[in-house]
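Written out below as structure tokens is the structure these notes cover.
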Amino acid sequence: MNELNFDTLAIHGDRTKNPLNAVQPPIFQSASYEFDSVADVDAAMGSSEGGFVYTRGDNPTLALLEKRIALLEGGAGAVSFGSGMGAISSVLMSLLRSGDTIIAHKTLYGSSANLIEKVLPDYGIQYKMIDLTDLAQLASSFDDSVKVVYFETPVNPNLKLIDIAEVARIAHHHGVKVVTDNTFASPHLQQPLTLGADVVVHSSTKFINGHGDAVGGLAIAQDLNYLNELRFNYMCTFGSVMSPFNAWLTLRGLKTLGVRIRQMQASALKIAALLENSEQVATVYYPGLASFAGHDIVQAQMAGPGAILSFVLTDPKLETAQKFIDHTKLFKIAVSLGDCDSHIELPATMTHKGHSADDLEKLDIHPSLIRISVGLEDEQDLIKDIEGALAALKRE
Ligand SMILES: *Cc1c(COP(=O)(O)O)cnc(C)c1O
């Protein structure tokens with residue numbers, strides 16, 4: 001265990017000095033690296049540490065980000081990717097072969113669901129989408145073909161919570177690997193590897209970068225041999241490499257992850273309470289509310305409930321939800337999350353467009369659900385904006 005705390009590690013990492021004693025790391029914006037002799041190339045290609053040859057496989061700016069995120073997630077190492085989906089697709093392809101089965105929670109980020117339900121079956125990989133909040137269902141879902149259990153927690157966009165330690169215990173009993181998408185919580189609130197997960201994946205596009213200006217992905221694990229295979233056989237072969245500039249932006253964003261999450265979460269708690277007390281709101285989905293199912297799991301595995309919440313208005317018409325969103329002024333109508341700017345969206349017509357009302361119900365997504373990612377604007381301004389939108393609905 002590193003004795004420094006999260007906010008310190010996010011800034012100092014392992015305290016290795018930057019080249020030329022620069023306080024801030026340079027961006028190694030170079031596709032390849034030169035050598036003094038052919039023998040030196042040979043040595044670099046055979047080594048795993050510091051032997052930079054070509055940026056699609058390894059780059060010093062990416063290496064710094066990988067070291068930093070591994071420290072923060074409690075892993076031994078990490079691999080960076082061009083996007084969250086780059087990380088997720090590479091990790092799942094690396095752990096599954098034709099004839100295998102993946103068990104996944106039934107509600108997943110849209111592109112992850114697409115990968116598991118539409119793409120992997122073409123390669124002979126079957127899936128079982130089950131309800132991982134029901135551990136008995138998980139326990140009865142294994143057969144010899146199952147090789148991976150995959151889920152997000154909190155789940156997008158209904159914020160349901162899955163017990164990482166229990167899922168890992170049951171999966172490991174069957175010799176099955178556990179992969180967790182930790183995008184919604186971020187390592188500041190939840191470290192799945194320390195709870196038993198084998199691989200953690202991230203869309204660093206969201207909270208980790210935190211400024212909405214760099215798409216990226218990360219995979220973190222304890223097994224360095226596995227990470228080496230993931231890097232060279234999958235990330236590098238599929239070409240899903242993060243750019244050095246995006247790695248630098250992500251390192252910069254990462255420094256303030258703790259302070260950002262704590263402020264966003266404080267505002268989210270107030271907004272959740274406001275919505276819960278409004279007669280214009282039927283249900284609020286937020287792990288920080290005592291009324292929320294799975295509130296006990298927050299206490300067990302998270303340092304806090306996070307900055308994303310969803311809710312359904314008392315008037316359940318889609319049109320009313322749309323109007324509410326249109327009435328907000330500070331919340332940007334956009335699909336991403338985790339930025340300094342607050343975002344608002346309607347999953348049924350935006351992130352989960354194309355699902356029928358029946359499909360949405362099966363995924364536990366109310367057809368008029370509104371999702372908010374609380375940003376860093378002044379808390380009172382955000383509250384006034386929500387109150388203003390509710391008042392505008394009332395006047396109509
Ligand atoms: C955004 C997101 C992804 C995909 O990440 P990209 O960086 O957009 O490829 C995966 N999982 C979750 C939970 C996300 O929010």
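What's counted below: heavy atoms across the whole structure, side chains too, no hydrogens, waters or symmetry copies. Whatever order the structure lists ligands and atoms in, that order sets their numbers, starting from 1.
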Verdict with supporting geometry, H352 and D359, side-chain contact (heavy atoms from CB on, under 4.5 Å):
CA-CA 10 Å; H352 295 70; D359 284 352; over 6 Å; no
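The S83 neighbourhood of ligand 1 comprises atoms 7 (O), 9 (O), with distances under 4.0 Å to a heavy atom of that residue. Each of the atoms 1 (C), 2 (C), 3 (C), 4 (C), 5 (O), 6 (P), 7 (O) of ligand 1 lies under 4.0 Å from some heavy atom of S203. In the vicinity of I88, heavy-atom distances shorter than 4.0 Å reach the ligand 1 atoms 10 (C). The atoms of ligand 1 that sit less than 4.0 Å from any heavy atom of G216 are 7 (O). Using a 4.0 Å cut-off to heavy atoms of G84, the atoms of ligand 1 that qualify are 5 (O), 6 (P), 7 (O), 9 (O).
Of the polar atoms of L337, none of the N or O atoms is found under 3.5 Å from an N or O of ligand 1, judged by distance alone. Note: an N/O pair closer than 3.5 Å links T205 and ligand 1 by distance alone.
Within the 4.0 Å heavy-atom cutoff, S336 does not count among the residues contacting ligand 1.
D385 contributes a side-chain N or O that, together with a main-chain N or O of L330, makes up a donor-acceptor pair within less than 3.5 Å. D58 places no side-chain N or O within donor-acceptor distance of the main-chain N or O of F52, the cut-off being under 3.5 Å.
Using a 4.0 Å cut-off between charged side-chain N and carboxylate O, D143 and K128 make a salt bridge. Looking at D7 and R262, a side-chain N of the basic residue comes within less than 4.0 Å of a carboxylate O on the acidic one, giving a salt bridge. In summary, E166 and R169 engage in a salt bridge, as defined by a charged side-chain N under 4.0 Å from a carboxylate O.
Ranking protein heavy atoms by distance to atom 12 (C) of ligand 1, first place goes to D181 OD2, 3.4 Å. In terms of protein heavy atoms, atom 4 (C) of ligand 1 is closest to Y109 CE2, 3.3 Å. The closest protein non-hydrogen atom to atom 14 (C) of ligand 1 is K206 NZ, 3.0 Å. The protein heavy atom nearest to atom 9 (O) of ligand 1 is M85 N, 2.8 Å.
Between H188 and F6, the angle of the ring planes lies from 30° to 60°, which puts this pair in the tilted group.
With a 4.5 Å cut-off on side-chain heavy atoms, L120 and Y127 do not count as touching.
Both L115 and Y109 belong to a single network of hydrophobic side chains, linked directly or stepwise wherever heavy atoms of I, L, V, M, F, W or Y lie under 4.5 Å apart.
Residue N156 does not touch ligand 1, judged by heavy-atom distances below 4.0 Å.
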